[in-house]
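Scroll down for the structure; my scribbles are underneath it.
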Amino acid sequence: MYAQSSGEQAGPLSRPVPWRRRSAPYRAGRRGGGGFHGQVRLGRRGLAIGIDIGGTKVAAGVVDAEGRILSEARRSTPGTDPRAVEQVIVELVEELGRGQRIRSVGIGAAGWMDLDGGTVLFSPHLAWRNEPLRANLQRLLRRPVLLANDADAAAWAEWRFGAGQGEDRLVCITLGTGIGGAMVMDGRVERGRFGVAGEFGHQIIMPGGHRCECGNRGCWEQYASGNALGREARILARSNSPMAQDLLAAVGGRVETITGAVVTELALAGDTASRELIEEVGEWLGLGLANLAAALDPGLFVIGGGLCSAGNLLVEPARKAFARNLTGRGFRPAAGIELAALGPNAGLIGAADLSRVSSRVRH
């Protein structure tokens with residue numbers, strides 16, 4: 001969030017706020033609808049710009065109070081130079097803001113933010129190390145800027161407008177290169193004591209297992225991510241198994257080009273080996289969700305990210321593994337597991353809406 005004047009509230013990224021909803025248990029098939037909007041009066045009307053910064057592209061859009069994208073634009077991420085990235089953001093805001101009355105700007109980016117939401121402590125894809133990004137952008141844009149982790153922004157969007165509507169205790173999991181995560185609890189993004197909650201992909205699920213980029217071994221994302229799917233498919237292909245013949249044919253025999261996306265595409269087309277590989281990833285996914293349920297007891301898990309294009313080929317094995325491994329199974333309510341509804345635009349929509357909800361600008 002942008003710097004606050006005396007008496008202003010910190011909004012949904014830090015502490016509970018007066019408009020947070022009363023608890024209402026999740027009921028399958030009844031998420032969303034009038035209940036959510038009838039109980040909550042969130043933020044202000046008007047338009048906001050949301051920006052989702054990734055390792056290869058910067059996506060931006062003008063978003064209204066109902067979560068609809070009215071216009072959008074994209075740029076390639078300009079390397080890792082922080083000043084160059086800031087300039088791209090300025091260009092996008094100027095382009096999209098022409099002729100529009102923009103209330104605020106929300107930025108979603110991979111990385112750890114401080115609790116105040118002003119500084120990027122670390123970003124894996126960009127050269128941000130203790131970068132005072134919010135202050136820099138507010139000076140350049142001359143309007144309020146909110147800074148959020150991209151997974152937090154996506155979770156907020158799904159809670160407000162997507163698959164998580166109507167759920168007071170929501171956990172979002174994003175499956176891509178690794179595993180990201182975020183929580184929306186009682187109408188606010190839960191960021192933990194130091195602002196770095198949600199690193200679910202680095203729970204150790206197999207002691208002494210595959211080496212992870214974080215430095216540990218056996219992290220969940222080494223077994224239930226797009227990278228894990230691609231790695232296992234390459235191992236199968238190099239074994240000369242007859243099960244891998246269609247997989248090898250699809251990439252012209254170039255084993256090194258097999259990725260999770262390739263396996264997913266083949267699985268959707270009916271390839272048996274690819275479907276089995278995705279089922280294994282789904283089982284690991286369900287096991288990790290059972291661990292999270294034991295710790296957090298959410299009402300709903302929303303699963304997003306690129307790997308979710310596999311749909312029920314991934315989610316059904318996850319549901320079965322979740323049910324098998326859930327602590328107290330048979331004697332307790334179980335969280336639902338649903339696919340995200342907003343696709344790749346969730347981060348952009350969530351960043352814009354968070355900036356609007358948190359904004360205290362007067363017009």
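Every heavy atom of this structure was used, including side-chain atoms; hydrogens, water molecules and symmetry mates were not. Bear in mind that the values here come from a model prediction, so they are computed numbers and not experimental data.
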Solution key, residues 276-286 side-chain donor-acceptor pairs under 3.5 Å, sequence neighbours excluded:
none

Can you see which heavy atom on [X] is nearest to which on [Y], and at what distance?
X      : Y      : answer
Ala290 : Phe322 : N-CD1, 3.5 Å
Gln138 : Val145 : OE1-N, 3.3 Å
Leu96  : Ser71  : CD2-OG, 3.7 Å
Ala151 : Gly181 : CB-O, 3.5 Å
Trp156 : Arg188 : CZ3-CA, 4.2 Å
Ser123 : Ala110 : OG-O, 2.9 Å

Rounded distance [0.5 Å steps], [atom1] in [X] versus [atom2] in [Y]:
X      : Y      : atom1 : atom2 : answer
Leu296 : Leu170 : CG    : CG    : 11.5 Å
Asp52  : Arg74  : CG    : CZ    : 8.5 Å
Ile179 : Ile205 : CD1   : CD1   : 8.0 Å
Asp114 : Arg191 : CG    : CZ    : 7.0 Å
Arg169 : Asp186 : CZ    : CG    : 5.5 Å
Ile349 : Glu66  : CD1   : CD    : 12.0 Å

State, yes or no, whether a side-chain contact exists between [X] and [Y] at a heavy-atom distance under 4.5 Å.
X      : Y      : result
Leu133 : Glu86  : yes
Asn227 : Glu221 : no
Met113 : Val120 : yes
Thr272 : Asp246 : no
Thr177 : Ser225 : no
Phe200 : Val171 : yes

Verify, without hydrogens or angle tests, whether [X] (side chain) and [Y] (backbone) share a donor-acceptor contact under 3.5 angstrom.
X      : Y      : answer
Ser104 : Ser355 : yes
Arg75  : Leu92  : no
Asn345 : Leu348 : no
Thr119 : Asn130 : no

Quiz prompt | Pairs where residues 258-269 contributes a residue and the test salt bridge (charged side-chain N to carboxylate O under 4.0 Å, His left out) is met, not counting sequence neighbours | solution = none

Please name all residues satisfying side-chain contact (heavy atoms from CB on, under 4.5 Å) with [X], sequence neighbours left out, ordered by chain then number.
X      : value
Glu94  : Val90
Glu199 : Trp112, His202
Ser239 : Leu236, Ser241

Quiz item: For Trp220 and Ile173, what are the C-alpha separation, side-chain angles and deciding distance, and is it a side chain to side chain contact (heavy atoms under 4.5 Å, CB included)?
Solution: CA-CA 12 Å; Trp220 188 28; Ile173 304 293; 4.3 Å; yes

According to side chain to side chain donor-acceptor pair (under 3.5 Å), who are the partners of [X], at least two apart in sequence or on a separate chain?
X      : value
Arg234 : none
Gln100 : none
Asp64  : Arg68
Asp297 : Arg332

Is [Y] reachable from [X] through a run of hydrophobic residues whose side-chain heavy atoms are each under 4.5 Å from the next?
X      : Y      : value
Leu266 : Met243 : no
Val196 : Leu292 : no
Met183 : Leu339 : yes
Phe122 : Leu147 : no
Met206 : Leu287 : yes

Quiz prompt | Derivation of the side chain to side chain contact (heavy atoms under 4.5 Å, CB included) call for Glu131 and Asn136 | solution = CA-CA 9 Å; Glu131 184 72 25; Asn136 294 348; 3.3 Å; yes

Quiz item: Going through the checks in order, is the side chain to side chain contact (heavy atoms under 4.5 Å, CB included) test met by Leu146 and Val357?
Solution: CA-CA 10 Å; Leu146 176 135; Val357 170; over 6 Å; no

Please list every donor-acceptor pair under 3.5 Å in which a side-chain atom of residues 251-263 meets a protein atom from a residue at least two apart or in another chain.
residue : atom : partner : partner atom : Å
Arg254  : NE   : Val251  : O            : 3.2
Thr257  : OG1  : Arg254  : O            : 2.7
Thr259  : OG1  : Ala261  : N            : 3.4
Thr259  : OG1  : Val262  : N            : 3.3

Exercise. State whether the number of non-hydrogen atoms from other residues, nucleotides or ligands found under 6.0 Å of Arg83 atom CZ is greater than 12.
Key: yes

Which pairs of donor and acceptor atoms, one on a side chain in residues 300-319, lie under 3.5 Å apart (sequence neighbours left out)?
residue : atom : partner : partner atom : Å
Ser309  : OG   : Gly306  : O            : 3.1
Glu316  : OE2  : Arg319  : NH1          : 2.5
Arg319  : NE   : Ile337  : O            : 3.1
Arg319  : NH2  : Ile337  : O            : 2.6

Self-check item: Test salt bridge (charged side-chain N to carboxylate O under 4.0 Å, His left out) applied to Glu72 - qualifying residues, sequence neighbours left out
Solution: none

Quiz prompt | Steps toward side chain to side chain contact (heavy atoms under 4.5 Å, CB included) verdict (Glu338, Glu158) | solution = CA-CA 11 Å; Glu338 300 290 344; Glu158 290 291 341; over 6 Å; no

